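As the structure is a prediction and not an experimental result, all values here were calculated from the model. Chain letters run A, B, ... following the sequence lines, proteins first, then strands; residues in each count from 1.
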Number of protein chains: 2
Amino acid sequence: MKIPRPTVKRLGLYYRCLSNYREDGVDFVSSQDIAEKLNIKPSQVRKDLSYFGEFGKRGLGYDVKKLLNEIAHIIGVNKEWNVAIVGAGNLGSALTSYPGLSKHKFRVLALFDNNQQKIGKKVSGITVYDISDLERTVNKLKIEIGVIAVPEFAAQHVAELLEKSGIKGIVNFAPVRLRTNVPVEDVDITLSFETIAYNVVKKSSTDLLDTSND
Amino acid sequence: MKIPRPTVKRLGLYYRCLSNYREDGVDFVSSQDIAEKLNIKPSQVRKDLSYFGEFGKRGLGYDVKKLLNEIAHIIGVNKEWNVAIVGAGNLGSALTSYPGLSKHKFRVLALFDNNQQKIGKKVSGITVYDISDLERTVNKLKIEIGVIAVPEFAAQHVAELLEKSGIKGIVNFAPVRLRTNVPVEDVDITLSFETIAYNVVKKSSTDLLDTSND
DNA sequence: TAGATTGTTAATCGATTAACAATC
DNA sequence: TAGATTGTTAATCGATTAACAATC
């Protein structure tokens, strides 16, 4: 079945929300509970889940641990993912020790760079390899996800190297649309700043006219 | 007029695409040229632009410099934006020197932290201030955009401090939905990894059945 | 049983796209 | 003028939401 893209994104949000409930020792939640936390409609939650199965109990809601486990399977975080980061600059280094990753089953096993000064050194305990060793290292360490944290001009080239080395998916922090055959997820930092600039400008202009901020 | 959210996102993409054309010395482009680079439909480009005015010449296309200037005005990057980053950890420090920001009219003028070890030091030339000086410094430096680069548990609190200090918009790197009255743009790194995990799992399962990878 | 909440259908809403007259 | 490409309308597509029967 065809799953709407927004549904996939929300699955990650449900997962996080349910993790918080579990940490708080909550056993059962309703679609309404989840919806309130996430600022969406309860029917949205139920519809999203219904693409994958029937996980709730009528009259009762959802068993937090059970649903968490189901969603983990759906989005694939029931297993650990081996990750390599290409680009040992500031951003790549920061990602290496980013707690959100290690906490969520993403293990950074290698960094790659083309700067001889950096190769062989360690960043937060992770070795920096020569980019020319990419294919060999990816195979040896069974790396499945590649992260592009290099400057814009090098990104497409790195994407091709990653694809050739047998990587299965790419998280791209460079501000370019990549042409590849593997799935790519863009984290477009500059675009986020531009969007917030737009919204700030819009808000100040509507605030002048109007007191009912949309 | 109500502008679709996806249109706003694409405006940033058009801006970047046109910047590249300008750097390459291209004077005129058609909606088709832009669409091809961005993997969308030409009518999408024309429709998006039509929300804001008539910028093209029939039979000719769009004057690159002129359109760039128009879009810069629309998304608000015709002026410089003063930015403060809260959280002088790895991510906050990396953002301080992120070339994508300085290149696009976003100037990081201050870092904030609550760690006495860090306060007063400089990171990439930017002073780390005490978080308790937030309001004063935001006013003094005329900071308009705040960046949240603190751990999850502190994010909502920081958002409230930013709002109280008079900031106009927030770019949030913490994995929480914030409750504020100012515009927020989320950069959800963990969610991007989860999405790529989902897509990798899905692709390998469909690849087994099917050779026409969607 | 009565109350609550699910899973699902159908209606609504919003965004994308094709098509084409207008016009450079 | 002939060819190209815009701006815009209308049709299509896809996602959200309300409503409600099913059922715990």
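- A:Y21 carries A:K37 over the face of its six-membered ring, with the cationic atom under 6.0 Å from the centre and within 45° of the normal.
- The 12-atom threshold is not exceeded at NZ of A:K57, counting heavy atoms of other residues, nucleotides or ligands nearer than 6.0 Å.
- Residue order along DNA chain C, read from the 5' end via each residue's closest nucleotide, puts A:G53 first among A:G53 and B:G59.
- Both B:S30 and B:K47 lie close to DNA chain D; mapped to their nearest nucleotides by heavy-atom distance, the more 5′-ward contact belongs to B:S30.
- In summary, contact between chain A and DNA chain C, defined as any nucleotide atom under 4.0 Å from a heavy atom of the protein, begins and ends at C:dA4 to C:dT9 in the 5' to 3' direction.
- B:D188 has a carboxylate O that lies under 4.0 Å from a charged side-chain N of B:R177, or vice versa, which qualifies the two as a salt bridge.
- Contacts of A:F55 with the nucleic acid, taken as non-hydrogen atoms under 4.0 Å apart, involve only primed sugar atoms and P, OP1 or OP2.
- In summary, A:E80 and A:K105 do not engage in a salt bridge, as defined by a charged side-chain N under 4.0 Å from a carboxylate O.
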- Task: Take A:Y62 and A:F55 through the test ring-ring contact (aromatic ring centres under 6.0 Å, His included) and record every step on the way to the result.
- Result: CA-CA 7 Å; A:Y62 301 88; A:F55 305 126; 7.8 Å; no
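- For A:E163, the side-chain contact (heavy atoms from CB on, under 4.5 Å) partners at least two apart in sequence or on another chain are A:T180, A:N181, A:V182.
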- Task: Kindly express the pairing pattern of DNA chain D in dot-bracket notation, using | wherever a base pairs with another strand and counting only Watson-Crick or G-U pairs under 3.5 Å.
- Result: ..||||||||||||||||||||||
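- Taking a cutoff of 4.0 Å between a charged side-chain nitrogen and a carboxylate oxygen, B:K103 and A:E152 qualify as a salt bridge.
- Nearest-nucleotide positions on DNA chain D for A:R5 and A:R46 put A:R5 closer to the 5' end.
- If you check the side chains of B:N90 and A:Y98, you find no donor sitting under 3.5 Å from an acceptor.
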